[in-house]
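Written below as structure tokens is the structure these notes are about.
Only a predicted model underlies this, so the values are computations on that prediction, with no experimental measurement involved.
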Amino acid sequence: MYELASIGQQAVRALYLELALEPKPGLVSLRDNGSHQDMTAQTFVRSLFALRHYFVQMAHAGAAQQPFSVLETLGLQAEVRMLRATGGINTHRGAIFALGLLCASAGSLQAQHIPNSPQALRTALSTHWGPALRSRAERAHQRTPTTNGQRAAQRYQLRSAGDEAADAFPTLFETTLPALQAAYAQGLADRAARIQAFFATMACLDDTNMVHRGGMDGLHFGQQAARRFLAAGGAARPDWLEHARALHAAFVARRLSPGGSADLLACACWVQQLSVSAAQPQACLT
């Protein structure tokens, strides 16, 4: 069990670990800026500093079982702080939404003295805020989109981040997290395990960030590249680093950026940290 403050603090740490992980094809890391000319690792660090209280607030709101309107307001306020810290650059909007909801779910479990297992988190999210999230997703399908991701999802009839949340994050809990856990069970070290989970996510997710930058051709290229990486042995093969860095270069050449997959990886590391046994408290985050 975690204190409410720890729930939020681990969220910030998981996001930093996602930033530090390399190579993530097309994405910003501590090594380079990937496909992005408008942001660096320092931009992400400034954003994380601005968000350091937000995830704790969401855990407290969840513990109090506040309605979705309260969670949404906290999220919008966090976006304002993010944009102010980054000079208007969207570094963490997806994480503010997804990881914020998960922190609220963990907070509700903490208040009920229920361990933060993956299934318990999904149940809490569906029970307390599922109907509101479903209504929000349905409205989004009918109105003019306001973000790049929403435009891509609506134009190509893809599953959006809102759809994923309304269904209690099936890709996270049925693909990303199991891939991370399987990689650890296989004996992979932290870096390789997280890369394996990232590619497993990219192979199946309707990543609207990639569609925004490369259209459906870009999405298909990214998904097929991830599937080939996994089919060839993934992060368990001896030369996985060279293979992943070659894909990084290919993504940069196409200006592709699978930001949705990165958000889910951070969420998976956070869930893993909350649910590991006391005998292995740092399995994901060392």
Side-chain angles (χ1 to χ4, degrees), residues 9-36 39-45 47-48 91-92 94-95 98-99 118 171-173 175-205 207 209 222-223 225-252 256-277 279-286:
Q9 291 163 1
Q10 291 295 344
V12 174
R13 190 177 183 198
L15 287 170
Y16 179 78
L17 287 173
E18 180 277 312
L19 169 63
L21 182 64
E22 180 277 327
K24 307 182 302 291
L27 292 167
V28 175
S29 71
L30 301 183
R31 189 170 190 258
D32 62 37
N33 301 340
S35 299
H36 297 271
M39 62 182 74
T40 66
Q42 288 76 17
T43 314
F44 278 79
V45 171
S47 177
L48 285 178
T91 47
H92 287 112
L99 198 45
T171 302
L172 167 63
F173 286 103
T175 297
T176 314
L177 183 62
L180 182 65
Q181 293 170 332
Y184 280 123
Q186 191 177 353
L188 297 187
D190 292 321
R191 183 186 187 189
R194 292 194 289 267
I195 288 292
Q196 183 77 0
F198 175 80
F199 274 91
T201 306
M202 191 166 59
C204 68
L205 181 68
D207 197 318
N209 286 283
Q223 290 178 333
R227 290 166 188 161
R228 287 195 296 270
F229 177 85
L230 296 169
R237 57 187 278 180
D239 61 344
W240 73 264
L241 181 59
E242 291 80 5
H243 190 186
R245 282 185 174 165
L247 289 176
H248 177 62
F251 274 53
V252 171
L256 296 175
S257 178
S261 299
D263 291 336
L264 291 185
L265 173 65
C267 290
C269 281
W270 175 86
V271 174
Q272 175 76 2
Q273 174 60 17
L274 293 190
S275 58
V276 291
S277 68
Q280 296 178 315
Q282 299 294 319
C284 180
L285 298 175
T286 53

For this session: Apply side chain to side chain contact (heavy atoms under 4.5 Å, CB included) to V271 and F173, showing your working.
Result: CA-CA 9 Å; V271 174; F173 286 103; 4.2 Å; yes

Exercise. When rounded to the nearest 0.5 angstrom, what is the spacing between CG in L27 and NE2 in H248?
Worked result: 8.5 Å

Problem set entry | Mutual orientation of the aromatic rings belonging to H243 and F229 [parallel < 30°, tilted 30-60°, perpendicular > 60°] | tilted

Exercise. About how many Å separate CG of L256 and CE of M202, when rounded to the nearest 0.5 Å?
Worked result: 9.5 Å

Exercise. Would you say the side chain of L205 lies within less than 4.5 Å of the side chain of T175, judging by non-hydrogen atoms?
Worked result: no

Problem set entry | For L188 against A236, the heavy-atom pair lying closest together | CD2-CA, 4.0 Å

Problem set entry | Exercise: do T176 and T201 side chains pair donor with acceptor under 3.5 Å | yes

Seminar exercise, completed: Nearest heavy-atom contact between A244 and P25 is O-CG, 4.3 Å

For this session: Quick one: which residue pairs count as a salt bridge (Lys or Arg N to Asp or Glu O under 4.0 Å) with a foot in residues 265-274, not counting sequence neighbours?
Result: none

For this session: For residues Y184 and D190, determine if any side-chain heavy atom of one lies less than 4.5 Å from a side-chain heavy atom of the other.
Result: yes

For this session: Determine yes or no for a side-chain-to-main-chain donor-acceptor pair under 3.5 angstrom, with N209 supplying the side chain and S257 the backbone.
Result: no

Problem set entry | Shortest non-hydrogen contact from C267 toward A98 | SG-CB, 4.0 Å

Exercise. When you look at D263 and L99, which way does the side chain to side chain contact (heavy atoms under 4.5 Å, CB included) test go after all the steps?
Worked result: CA-CA 8 Å; D263 291 336; L99 198 45; over 6 Å; no

Exercise. Okay, side chain of R227, backbone of C204: is any donor-acceptor separation there less than 3.5 Å?
Worked result: no

For this session: Please name all residues satisfying side-chain hydrogen bond (donor to acceptor under 3.5 Å, both in side chains) with R31, sequence neighbours left out, ordered by chain then number.
Result: none

Exercise. Can you tell me how far the CD atom of E22 sits from the CG atom of L241, to the nearest 0.5 Å?
Worked result: 6.5 Å

For this session: Spell out, as yes or no, whether a donor-acceptor pair under 3.5 Å connects the side chain of K24 to the backbone of S261.
Result: no

Exercise. If you round to the nearest 0.5 Å, how far is OG1 of T171 from CG of L177?
Worked result: 12.5 Å

For this session: Show your working on side chain to side chain contact (heavy atoms under 4.5 Å, CB included) between Q196 and L230 and close with a plain yes or no.
Result: CA-CA 8 Å; Q196 183 77 0; L230 296 169; 3.6 Å; yes

Problem set entry | Spacing of CG belonging to L180 relative to CD1 belonging to I195, to within rounding of 0.5 Å | 11.5 Å

Exercise. Between A197 and A179, which heavy-atom pair has the shortest distance, and what is it?
Worked result: CA-CB, 3.9 Å

Problem set entry | Heavy-atom pair with the smallest gap, counting every atom of L247 and F199 | CD1-CE2, 3.6 Å

Exercise. Given the rule in the side chain to side chain contact (heavy atoms under 4.5 Å, CB included) test, do L17 and W270 qualify, once you have shown the distances and angles that lead to the verdict?
Worked result: CA-CA 10 Å; L17 287 173; W270 175 86; over 6 Å; no

Exercise. Which atom pair, heavy atoms only, marks the closest approach of A225 to F251?
Worked result: CB-CE1, 4.1 Å

Exercise. Does the pair R194/E18 count as a salt bridge with the N-to-O cut at 4.0 Å?
Worked result: no

Exercise. At what distance, to the nearest 0.5 angstrom, does CG of N33 lie from CE of M39?
Worked result: 9.5 Å

